[in-house]
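Just so it is clear: chains get the letters A, B, ... in the order the sequence lines come, proteins before strands, and each one is counted from 1.
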There are 2 protein chains.
Amino acid sequence: MSDERPDPGTVRPGGRTAKVREAVLRAAGDALAEDGFDRLDLAEIARRAGVGKTTVYRRWGTVPGLVADLLTEMAEDSLPRSETGSLLGDLTAQARLVQSTLSDPRQGPLFKALITAAACDPQTAEALHRFYRIRTEEWAPCVTAAIERGEIPAGTDPTEVIRAVSAPLYYRLLIGGDPVDRASADRAAKAAATAARAGAFTA
Amino acid sequence: MSDERPDPGTVRPGGRTAKVREAVLRAAGDALAEDGFDRLDLAEIARRAGVGKTTVYRRWGTVPGLVADLLTEMAEDSLPRSETGSLLGDLTAQARLVQSTLSDPRQGPLFKALITAAACDPQTAEALHRFYRIRTEEWAPCVTAAIERGEIPAGTDPTEVIRAVSAPLYYRLLIGGDPVDRASADRAAKAAATAARAGAFTA
DNA sequence: CTTCTAATGGTCCTAGAGTTCCGTTAAGAA
DNA sequence: TTCTTAACGGAACTCTAGGACCATTAGAAG
């Protein structure tokens with residue numbers, strides 16, 4: 001009954017297939033950063049990647065499908081986490097990292113486009129949530145450490161603290177339109193650290 | 001030289017023209033809430049509104065153009081502001097209002113779509129920024145009042161406090177994927193109030 | 001009321017995104 | 001190495017979003 005048909009690229013993932021995927025995902029990232037989500041054309045992506053457009057349509061099918069795969073790829077490489085010894089120091093480092101990413105001429109538009117794509121497609125949304133869940137978990141230990149140091153109350157939800165740092169910066173990027181500058185990053189970190197110390201993030 | 005050509009609908013804004021605009025904007029809102037930004041088809045909007053598609057293309061031209069007009073319309077009607085007598089009370093009321101909007105089956109998807117549209121088009125982005133600037137200014141007085149009561153430090157930036165309340169909720173809606181529930185609203189309000197008291201939002 | 005024309009709304013047309021077909025290339029197995 | 005077939009890529013096709021054209025309707029002014 002069941003017409004077993006594995007997804008293209010899974011049976012022979014070596015050599016050529018891997019090169020194609022890498023080239024297409026790179027081209028997709030470039031196009032997203034430059035033109036945005038809605039102006040994306042899979043044929044244009046194929047041209048940039050030096051790949052037949054049939055291949056792109058066959059393996060990824062739709063724009064959201066391609067973006068979801070890009071997010072899966074991006075979720076794999078993690079970023080360095082700093083340990084300054086104080087919650088405020090750690091959160092400030094985190095906020096500044098987010099700030100520099102979102103204000104980067106390539107990364108800023110790219111993340112904006114990724115979030116846009118996720119808002120339009122459930123599959124992409126799931127990939128985005130996974131991406132940020134991983135990022136959040138990578139940062140969580142600095143909050144746990146603060147709990148162990150007695151700097152903030154036991155029962156504080158680490159992920160809530162981490163998200164509280166990023167949220168104002170993404171709000172500026174997506175909604176307010178204000179520049180995501182160093183001052184706003186430091187303010188976000190300070191507000192989150194202060195609220196955490198006062199026990200605002202306890203379950 | 002200059003071929004003066006006023007925008008369609010500005011010379012004879014009475015009767016029919018106004019009815020068409022109303023019907024189209026309503027249909028656009030419905031379609032955005034149901035299908036999302038990327039699946040929007042101006043011909044479909046015209047059909048829903050009981051209007052010729054030529055009219056829609058002539059007056060609004062593109063999907064972002066239509067969304068921008070919808071945002072301009074939405075910016076005009078304001079919402080009631082509560083005065084509870086304490087900063088935490090006021091911010092909690094605000095957070096719960098945002099929460100109920102974002103978790104509403106129609107409003108939630110609609111706002112998601114509006115923000116998505118703004119991320120794709122500068123004109124729409126400008127309209128969105130205006131919309132939220134107005135909303136923020138409507139809420140700002142409760143922070144000013146808290147300053148006058150001596151509840152929070154002078155020099156506190158009211159708009160930053162207001163945005164700090166909303167930001168975590170929008171983060172959940174757009175990025176984290178977690179439900180925008182009552183608990184998260186109360187937590188956002190508490191965190192913002194606490195941080196404000198500690199002077200985290202002073203310029 | 002009559003006149004003028006802005007604005008509407010059918011109908012037809014065009015460009016390009018997405019699909020299908022089929023021959024070619026190369027990954028993986030023996 | 002050879003063999004099998006997964007995966008690629010060019011070319012031709014389809015289908016529809018968006019635009020052009022023009023006849024019709026109805027505000028606004030006198």
Side-chain angles (χ1 to χ4, degrees), chain A residues 3-28 31-32 34-69 113 117 120-121 123-124, chain B residues 3-28 31-32 34-69 113 117 120-121 123-124:
Chain A
D3 200 340
E4 292 289 338
R5 179 75 60 108
D7 289 332
T10 54
V11 178
R12 287 180 182 177
R16 183 169 58 163
T17 297
K19 273 203 150 46
V20 165
R21 177 166 184 254
E22 189 186 3
V24 169
L25 291 186
R26 167 185 275 284
L32 275 179
E34 289 172 27
D35 302 332
F37 167 71
D38 62 325
R39 295 183 191 170
L40 222 55
D41 173 18
L42 293 193
E44 166 70 10
I45 303 278
R47 206 188 52 76
R48 279 185 190 240
V51 159
K53 78 165 182 171
T54 311
T55 300
V56 177
Y57 277 106
R58 181 172 34 230
R59 282 189 58 183
W60 289 280
T62 64
V63 171
L66 177 56
V67 176
D69 195 30
C120 295
D121 177 73
Q123 181 195 356
T124 311
Chain B
D3 201 339
E4 290 290 338
R5 180 74 61 112
D7 289 333
T10 54
V11 178
R12 287 182 183 175
R16 184 168 58 164
T17 297
K19 272 206 151 43
V20 165
R21 177 167 183 251
E22 190 187 2
V24 169
L25 291 187
R26 168 185 273 284
L32 275 178
E34 289 173 27
D35 302 332
F37 167 71
D38 63 325
R39 294 182 191 171
L40 221 55
D41 172 20
L42 292 193
E44 165 71 10
I45 303 277
R47 204 187 54 73
R48 280 185 189 240
V51 157
K53 76 165 185 172
T54 311
T55 300
V56 177
Y57 277 106
R58 181 175 32 231
R59 281 189 58 184
W60 289 280
T62 64
V63 171
L66 177 55
V67 176
D69 195 30
C120 295
D121 177 74
Q123 182 195 354
T124 311

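- If you take CG of Asp41(B) and C1' of dA17(C), they are 14 Å apart, rounded to a whole angstrom.
- Legend: residues meeting side chain to side chain donor-acceptor pair (under 3.5 Å) with Arg47(B), ordered by chain and number and at least two apart, are Glu44(B).
- Residues from residues 42-50 of chain A placing a heavy atom under 4.0 Å of any atom in DNA chain C do not occur.
- Atoms NZ (Lys19(A)) and C1' (dA6(D)) sit 18 Å apart, rounded to a whole Å.
- Partners of Arg58(A) under the side-chain contact (heavy atoms from CB on, under 4.5 Å) rule, at least two apart in sequence or in another chain, are Pro8(A), Thr54(A), Thr55(A).
- Remark on the helix from dC1(C)-dG30(D) to dA30(C)-dT1(D): inter-end axis angle 50°, axes from five-pair C1' superpositions, rounded to 10°.
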Please tabulate the protein-to-nucleotide N/O contacts below 3.5 Å involving nucleotides 19-24 of chain C, giving atom names and distances.
from	atom 1	to	atom 2	distance (Å)
dT19(C)	O4	Lys53(A)	NZ	3.3

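- Phosphate proximity of dA7(C) to Arg21(B): absent, as no side-chain N or O sits under 4.0 Å from OP1 or OP2.
- A sub-4.0 Å separation between OP1 or OP2 of dG9(D) and a side-chain N or O of Thr55(A) is present.
- The environment of Glu22(B) atom CD is sparse: at most 12 non-hydrogen atoms of other residues, nucleotides or ligands sit within 6.0 angstrom.
- Of all non-hydrogen atoms in Ala28(B) and Ile45(B), the two that sit nearest each other are CA-CD1, 3.6 Å.
- Remark: Ala49(B) engages Ala23(B), Val24(B), Ala27(B), Val51(B) in a side-chain contact (heavy atoms from CB on, under 4.5 Å) (not counting sequence neighbours).
- Atom CZ of Arg26(B) is surrounded by 12 or fewer heavy atoms from other residues, nucleotides or ligands within 6.0 Å.
- Atom pair Leu40(A):CG and dG16(C):P shows a separation of 17 Å (rounding to whole Å applied).
- The shortest side-chain heavy-atom distance between Val20(B) and Arg59(B) falls under the 4.5 Å cut-off.
- With contacts defined as side-chain heavy-atom distances shorter than 4.5 Å, the pair Trp60(A)/Leu42(A) does not qualify.
- Nearest approach of Ala43(A) to Tyr57(A), heavy atoms of both residues: N-OH, 4.2 Å.
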Start with the C-alpha gap between Leu66(A) and Leu25(A), add the side-chain angles, then the distance that decides, and say whether side-chain contact (heavy atoms from CB on, under 4.5 Å) holds. CA-CA 8 Å; Leu66(A) 177 56; Leu25(A) 291 186; 3.8 Å; yes
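- The nearest whole Å value for the distance from the CG atom in Leu66(B) to the P atom in dG18(D) is 12 Å.
- In terms of heavy atoms, Gln123(B) sits closest to Gly65(B) at OE1-CA, 4.2 Å.
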